[in-house]
Amino acid sequence: MTTAPAVRDAELADWPGIWRVLEPAFRVGETYTYPRDIAEDDARVAWTGSPGVRVLVAVDDAGTVLGTAKYLPNHPGAGAHVANASFVVGPDAAGRGVGRALARAVLDGARADGYRAMQFNAVVETNERAVRLWESLGFAVLATVPEAFDHPVHGLVGLHVMHRTL
Ligand SMILES: CC(C)(COP(=O)(O)OP(=O)(O)OC[C@H]1O[C@@H](n2cnc3c(N)ncnc32)[C@H](O)[C@@H]1OP(=O)(O)O)[C@@H](O)C(=O)NCCC(=O)NCCS
């Protein structure tokens, strides 16, 4: 891909495309703590149904969903000025700048929405592509919770808590 994909707010009609992107990542189970056999309806609630969530999609020229992200308050009430975010790019679109374009849109959107910082609670330490991307965008690893993620290939590995101000 020579130019960054378009990133926009998700619409109801985008769900089938979002699920097509999410399902492979959830089934493989190497990057998120969702149950690997999660049902589509439960995934829809988990991705789009939390209070205050904003869901974005990256699309190609034909409107096909290439990746999706969501951001929301990391905590309610007194913690609601810190955003949490999640990202998944479909396997067909990996390594073409979609994740970076989604991340930039999420950072810009969260800042415009008034969040003061962004925190990732559970970045799997073996997910080198994601860790490198977040670090290149100004996130730092604050701590690593040891053996907090049961990786299907590597066994028990750490979960990074990553943070940056906005
Ligand atoms: C992490 C993820 C969102 C990155 O999306 P992507 O579209 O493949 O990433 P990009 O093409 O935008 O590349 C971003 C950076 O990743 C790194 N990267 C890309 N391909 C890589 C590869 N094959 N190996 C290692 N790092 C790689 C590079 O640092 C790249 O930076 P660059 O723009 O300077 O080249 C995507 O791999 C994904 O959805 N993974 C599964 C779910 C997941 O891990 N989500 C994040 C959980 S914290």
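This structure is a prediction, so every number in the text was calculated from the model and none was measured.
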**Residue that, paired with Met118, satisfies side chain to side chain contact (heavy atoms under 4.5 Å, CB included) out of Val82, Asn84, Val106** = Val106
**Message:** Distance check, rounded to the nearest 0.5 Å: Leu102 atom CG versus Ser86 atom OG?
**Reply:** 11.5 Å
**Request:** With sequence neighbours left out, write down each residue that passes side chain to side chain contact (heavy atoms under 4.5 Å, CB included) with Thr165, or none if nothing qualifies.
**Result:** His163
**Item:** Worked verdict on Ser136 versus Arg100 for side chain to side chain contact (heavy atoms under 4.5 Å, CB included)
**Value:** CA-CA 10 Å; Ser136 79; Arg100 185 176 290 282; 3.1 Å; yes
**Request:** Carefully, step by step, assess Leu156 and Phe149 under the rule side chain to side chain contact (heavy atoms under 4.5 Å, CB included).
**Result:** CA-CA 6 Å; Leu156 296 180; Phe149 187 82; over 6 Å; no
**Modelled atom types, side-chain donor and acceptor of Thr126 and His154, under 3.5 Å** = no
**Item:** Contact summary for Leu133 and Gly99, nearest pair of heavy atoms
**Value:** CD2-C, 4.0 Å
**Prompt:** Can you name the residues that form a side-chain hydrogen bond (donor to acceptor under 3.5 Å, both in side chains) with Thr64, not counting sequence neighbours?
**Reply:** none
**Item:** Test side chain to side chain contact (heavy atoms under 4.5 Å, CB included) applied to Ala148 - qualifying residues, sequence neighbours left out
**Value:** Val145, Leu159
**Request:** Report yes if some heavy atom in the side chain of Leu56 is under 4.5 Å from a heavy atom in the side chain of Phe87; otherwise report no.
**Result:** no
**Prompt:** Do the non-hydrogen side-chain atoms of Phe120 and His160 ever get within less than 4.5 Å of each other?
**Reply:** no
**Item:** Gap separating the CD1 atom of Ile18 from the CZ atom of Arg20, nearest 0.5 angstrom
**Value:** 10.5 Å
**Item:** Contacts of Asp14 that satisfy side-chain hydrogen bond (donor to acceptor under 3.5 Å, both in side chains) - sequence neighbours left out
**Value:** Arg8
**Complete:** Heavy-atom nearest pair, Trp19 first then Ala43, reads CZ3-CB, 3.2 Å
**Message:** Quick one about Thr68 and Trp47 (side-chain donor to acceptor, distance below 3.5 Å, no hydrogens or angles considered), yes or no?
**Reply:** yes
**Request:** Decide yes or no on side chain to side chain contact (heavy atoms under 4.5 Å, CB included) for Leu166 and Leu107, but give the supporting numbers first.
**Result:** CA-CA 7 Å; Leu166 291 177; Leu107 289 167; 3.5 Å; yes
**Message:** Give me the atom names and distance for the closest heavy-atom approach of Arg164 to Leu137.
**Reply:** NH1-O, 2.8 Å
**Asked** About how many Å separate OH of Tyr32 and CD1 of Ile38, when rounded to the nearest 0.5 Å?
**Response** 12.5 Å
**Asked** Minimum heavy-atom separation for Val124 to Val131, with atom names?
**Response** O-CG2, 4.1 Å
**Residue list, salt bridge (Lys or Arg N to Asp or Glu O under 4.0 Å) with Arg36, at least two apart or on another chain** = none
**Asked** Just by modelled atom types, is the Asp92 backbone N or O under 3.5 Å from a matching donor or acceptor in the Arg96 side chain?
**Response** yes
**Request:** Step by step, work out the side chain to side chain contact (heavy atoms under 4.5 Å, CB included) result for Glu135 and Val141.
**Result:** CA-CA 8 Å; Glu135 286 180 336; Val141 175; 4.0 Å; yes
**Listed once per pair and sorted, the side chain to side chain donor-acceptor pair (under 3.5 Å) pairs that draw on residues 105-125, sequence neighbours left out** = Arg54-Asp113, Tyr71-Asp113, Asn74-Asn121, Asp108-Arg111, Gln119-Asn121
**Asked** For Pro51 and Pro73, which heavy atoms make the closest approach, and how far apart are they?
**Response** O-CD, 3.8 Å
**Asked** Minimum heavy-atom separation for Phe139 to Met162, with atom names?
**Response** CB-CE, 4.0 Å
**Message:** Could you measure the distance from the CZ atom of Phe26 to the OG1 atom of Thr31? Nearest 0.5 Å is fine.
**Reply:** 8.0 Å
